[in-house]
Amino acid sequence: MSFNSGSFCSKDENFSYKLYNIFQKLFEFWGPQNWWPAETKFEMVVGAILAQSTSWSSVEKAILNLKKANALTIEGILQTPDEVLANLIRPAGYYNQKARRLKDFCNFLKNEFDSDLNKLFSLDIFELRKKLLSQKGIGFETADSIILYGAQKPIFVVDAYTKRLFYRLGLIESEKIEYNQLQSIFMENLEPRTSLFNEFHALIVKHCKEICRNKKPECKKCCLNEMCGAGTYK
DNA sequence: ATCCTGAGCG
DNA sequence: CGCTCAGGAT
């Protein structure tokens, strides 16, 4: 019985076992990933917004620019003129949009949470997610990243890598699966532990960047090779 | 459909 | 060197 065949999104012992098995194999192969690399929670949130459709190395450059300009604070961002801010985060791509999003988010923090991220993060997961999603420019993945890696609460982050990997493994029927549906599959079959969700997502990203790449996947080196469905990429 | 850079490849 | 493309949100 798998999610492909049975009723979708319910607990499934076998599926649960498979997920833990995949996690274990990835962890044994790659080791701990130590996410999220940020000095402060605010930096983490800024990174999450900048990371939309962008590689981490690009985000790092943008963050460094903000630090150098002493602009990596709520007031710092709010006081930086749009064009200047856009220029600082330029390496992260979509810099005009992202400059606006950063400012919108800072205003939101200032107006609704007294410029205190901890106040926002003290909401329960459901309320926190709703709040974050109500912000223009923050979608499912960004919201969940902030909840998991910023607020340190157990929610599973799904991304393009997650869809690709689990599609290739034959555990979902399509890479176009809805975000919330794939998230439910993980959350209903894994113990809701922040550290587990933290490490699992990070490992999926690592694995998909290095091995299960979009283009030339390195199936020979893949630690999940034996359990990989269809052998399409072998 | 659009917004953008940087990595990867020929 | 120039081209293609990955990557979220609206």
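Chain letters run A, B, ... following the sequence lines, proteins first, then strands; residues in each count from 1. Note that these values count all heavy atoms, side chains included, but never hydrogens, waters or copies made by symmetry.
Closest to the side chain of A:Tyr94, out of B:dT5, B:dC3, C:dA9, is B:dC3. Taking only side-chain atoms of A:Asn214, from C-beta outward, the nucleotide of C:dG7, C:dT10, B:dT5 with the closest atom is C:dG7. For A:Thr142, whose side chain is taken as the heavy atoms from C-beta onward, the closest listed nucleotide among C:dA9, C:dG7, B:dC4 is C:dA9. Distances from the side chain of A:Asp159 to the nucleotides C:dG8, B:dC9, B:dC4 place C:dG8 closest. Closest approach to the A:Arg164 side chain among B:dC9, C:dG7, B:dT5 is made by C:dG7 (side chain taken as heavy atoms from C-beta onward). The side chain of A:Gln97 lies closest to B:dC3 when the candidates are B:dT5, B:dC3, B:dC4. Proximity note for A:Gln52 (side chain, C-beta onward) versus C:dA9, B:dC9, B:dC4: the nearest is C:dA9.
Closest non-hydrogen pair, A:Lys163 versus A:Leu182, comes out as CG-CD2, 3.8 Å.
Taken from SG in A:Cys106 to CD1 in A:Ile49, the straight-line distance is 7.5 Å, to the nearest 0.5 Å.
Here A:Arg90 reaches the OP1 or OP2 of B:dT5: one of its side-chain N or O atoms lies under 4.0 Å away. Neither OP1 nor OP2 of B:dG8 sits under 4.0 Å from any side-chain N or O of A:Lys209.
With respect to the salt-bridge test (charged N to carboxylate O, under 4.0 angstrom), the residues A:Glu28 and A:Lys25 do not qualify.
Screening A:Tyr149, A:Trp35, A:Phe156, A:Phe23 for a ring pair (Phe, Tyr, Trp, His ring centres under 6.0 Å) with A:Phe197, the sole residue that qualifies is A:Phe156.
The CG-P distance, from A:Asn87 to B:dC4, rounds to 12 Å in whole Å.
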